[in-house]
Amino acid sequence: MVDFTAANPRKIVEMRKDTIGYVSQFLRVIPRVRTLDIVSSAHREIYGDQEVAEKRAKALLTRLNIPERLWNIAPATFSGGEQQRVNIARGFVVDYPVLLLDEPTASLDAKNREVVVQLIDEAKSRGTAVVGIFHDDDVREAVANTTVHMKSLALQQERTL
């Protein structure tokens, strides 16, 4: 067990590497790195097996409807939705015990939102603790076991001050 509030920075970085996955609504990556490498990198770094990492990355990219012709291209030129799907694939390539999601479906069409809902459900069924921010009511209702409405929480805090 690690107390994140008291852990030193090196321990936190170590824990983030193989314990906490993160998907934001914005793709921030090293320029000119091909999509397949971006998606497979976390799995490869943790488990050291390039072949398995690429196999998992390809499966996720396929599932998230990223055409194979784009896998060897850096995603900087992709549409917002394509970049988001690359980001989602990168976050799900490792079966992290904890997964943080920041608006993972923000730029997605209905078909790809459904794929993300399925990925979240599969992670939860493996025992992953999923913590997310969802402004999309339908997605939030589909994946949430517990919901905290931040607006009402902020109002409660104002009243107690």
Side-chain angles (χ1 to χ4, degrees), residues 2 4 7 9-145:
V2 175
F4 264 71
R10 289 183 193 273
K11 185 64 174 176
I12 292 172
V13 168
E14 177 187 325
M15 293 295 294
R16 284 182 182 165
K17 178 182 172 188
D18 57 10
T19 303
I20 302 173
Y22 176 66
V23 175
S24 89
Q25 58 185 303
F26 305 107
L27 179 65
R28 292 187 175 87
V29 295
I30 299 170
R32 297 180 297 279
V33 175
R34 69 187 188 128
T35 297
L36 190 57
D37 291 336
I38 289 168
V39 174
S40 64
S41 65
H43 194 281
R44 184 179 57 251
E45 289 172 15
I46 293 170
Y47 301 108
D49 189 328
Q50 177 72 23
E51 187 176 327
V52 172
E54 283 196 7
K55 182 178 180 182
R56 287 181 64 99
K58 288 175 180 179
L60 281 163
L61 290 169
T62 298
R63 194 164 171 194
L64 287 159
N65 302 300
I66 299 292
E68 191 172 344
R69 63 182 166 74
L70 298 179
W71 297 357
N72 290 313
I73 300 172
T77 60
F78 293 7
S79 72
E82 288 168 335
Q83 288 185 7
Q84 181 65 5
R85 288 178 282 156
V86 169
N87 208 17
I88 292 162
R90 181 174 64 165
F92 281 86
V93 76
V94 172
D95 293 337
Y96 292 104
V98 178
L99 193 55
L100 305 177
L101 306 174
D102 176 14
E103 283 293 323
T105 59
S107 301
L108 302 183
D109 59 22
K111 179 180 177 182
N112 286 302
R113 272 194 307 272
E114 183 56 36
V115 172
V116 174
V117 168
Q118 291 169 2
L119 289 169
I120 293 168
D121 284 342
E122 291 165 13
K124 288 170 46 182
S125 71
R126 288 190 304 270
T128 299
V130 178
V131 178
I133 298 170
F134 300 93
H135 293 145
D136 182 318
D137 294 340
D138 293 334
V139 172
R140 182 177 55 244
E141 294 306 316
V143 300
N145 295 57

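As the structure is a prediction and not an experimental result, all values here were calculated from the model.
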Check: For the residue pair Val117 and Ala142, what are the closest heavy atoms and their distance?
Finding: CG1-CB, 4.0 Å
Next item on the list: List the steps and the verdict of side-chain contact (heavy atoms from CB on, under 4.5 Å) for Thr35 and Asn72.
Entry: CA-CA 6 Å; Thr35 297; Asn72 290 313; over 6 Å; no
Note to self: For the CZ atom on Arg126, are there more than 12 heavy atoms of other groups (residues, nucleotides or ligands in this structure) within a distance under 6.0 Å?
What the structure shows: yes
Checklist line | Closest contact, heavy atoms only, Pro75 versus Val33 | finding: CD-O, 3.6 Å
Margin query: Looking at Phe26, is its backbone amide N or carbonyl O close enough to the side chain of Ser24 to form a donor-acceptor pair, meaning the two atoms are under 3.5 Å apart?
Written below: yes
Item checked: Non-hydrogen side-chain atoms of Val86 and Leu70 separated by less than 4.5 Å -> no
Notebook entry, point to check: Glu82 side chain to Ser79 main-chain N or O, any donor-acceptor pair under 3.5 Å?
Noted result: yes
Item checked: Distance, nearest 0.5 Å, that separates CZ of Arg32 from CG of Asp37 -> 14.0 Å
Notebook entry, point to check: Which atom names give the shortest non-hydrogen contact between Ala53 and Val93, and what distance separates them?
Noted result: O-CG2, 4.4 Å
Notebook entry, point to check: Is there a donor-acceptor pair closer than 3.5 Å between any side-chain N or O of Thr128 and the backbone N or O of Ala123?
Noted result: yes
Check: If we only count heavy atoms from C-beta on, is the Tyr96 to Ile46 side-chain gap below 4.5 Å?
Finding: yes
Item checked: Pairing of Lys11 and Glu14 as salt bridge, 4.0 angstrom limit -> yes
Notebook entry, point to check: Got more than 12 heavy atoms from elsewhere within 6.0 Å of NZ, Lys55?
Noted result: no
Next item on the list: Run the numbers on Leu99 and Ile20 for side-chain contact (heavy atoms from CB on, under 4.5 Å), then give the verdict.
Entry: CA-CA 6 Å; Leu99 193 55; Ile20 302 173; over 6 Å; no
Item checked: Between CD1 on residue Ile88 and CG on residue Leu61, distance to nearest 0.5 Å -> 11.0 Å
Notebook entry, point to check: Do any N or O atoms from the side chain of Asn65 and from the backbone of Asn112 form a donor-acceptor pair under 3.5 angstrom?
Noted result: no
Check: Val39 and Ala57: which non-hydrogen atoms are nearest, and at how many Å?
Finding: CG1-CB, 3.5 Å
Margin query: Taking ring pair (Phe, Tyr, Trp, His ring centres under 6.0 Å) as the cut-off, I'd like each qualifying pair that reaches into residues 28-80, sequence neighbours left out, listed once.
Written below: His43-Tyr47
Check: What distance separates Ser125 OG from Gln118 CD, expressed to the nearest 0.5 Å?
Finding: 11.5 Å
Check: Going through the checks in order, is the side-chain contact (heavy atoms from CB on, under 4.5 Å) test met by Phe134 and Asp102?
Finding: CA-CA 7 Å; Phe134 300 93; Asp102 176 14; over 6 Å; no
Check: Would Arg56 and Asp95 pass as an ion pair if we require N to O under 4.0 Å?
Finding: yes
Checklist line | Full working for side-chain contact (heavy atoms from CB on, under 4.5 Å) between Tyr22 and Leu101 | finding: CA-CA 6 Å; Tyr22 176 66; Leu101 306 174; over 6 Å; no
Next item on the list: Of all the heavy-atom pairs spanning Val2 and Ala7, show the shortest one and how long it is.
Entry: CG1-CB, 4.0 Å
Next item on the list: Quick one: list whatever passes salt bridge (charged side-chain N to carboxylate O under 4.0 Å, His left out) with Asp18, sequence neighbours left out.
Entry: none
Checklist line | Donor-acceptor under 3.5 Å (Ser41 side chain, Ile38 main chain) | finding: yes
Check: Would you call Arg113 and Glu103 a salt bridge, taking side-chain N to carboxylate O under 4.0 Å as the test?
Finding: no
Notebook entry, point to check: Could you give the distance from CG (Leu108) to CG (Asp136), rounded to the nearest 0.5 Å?
Noted result: 9.5 Å
Item checked: Residues which pass side chain to side chain donor-acceptor pair (under 3.5 Å) with Gln50, listed by chain and number, not counting sequence neighbours -> Arg44, Glu54
Next item on the list: Provide the closest heavy-atom pair for Arg63 versus Leu119 in the form atom of the first, atom of the second, distance.
Entry: NH1-CD2, 3.4 Å
Checklist line | N/O donor-acceptor pair under 3.5 Å between Gln25 side chain and Thr105 backbone | finding: no
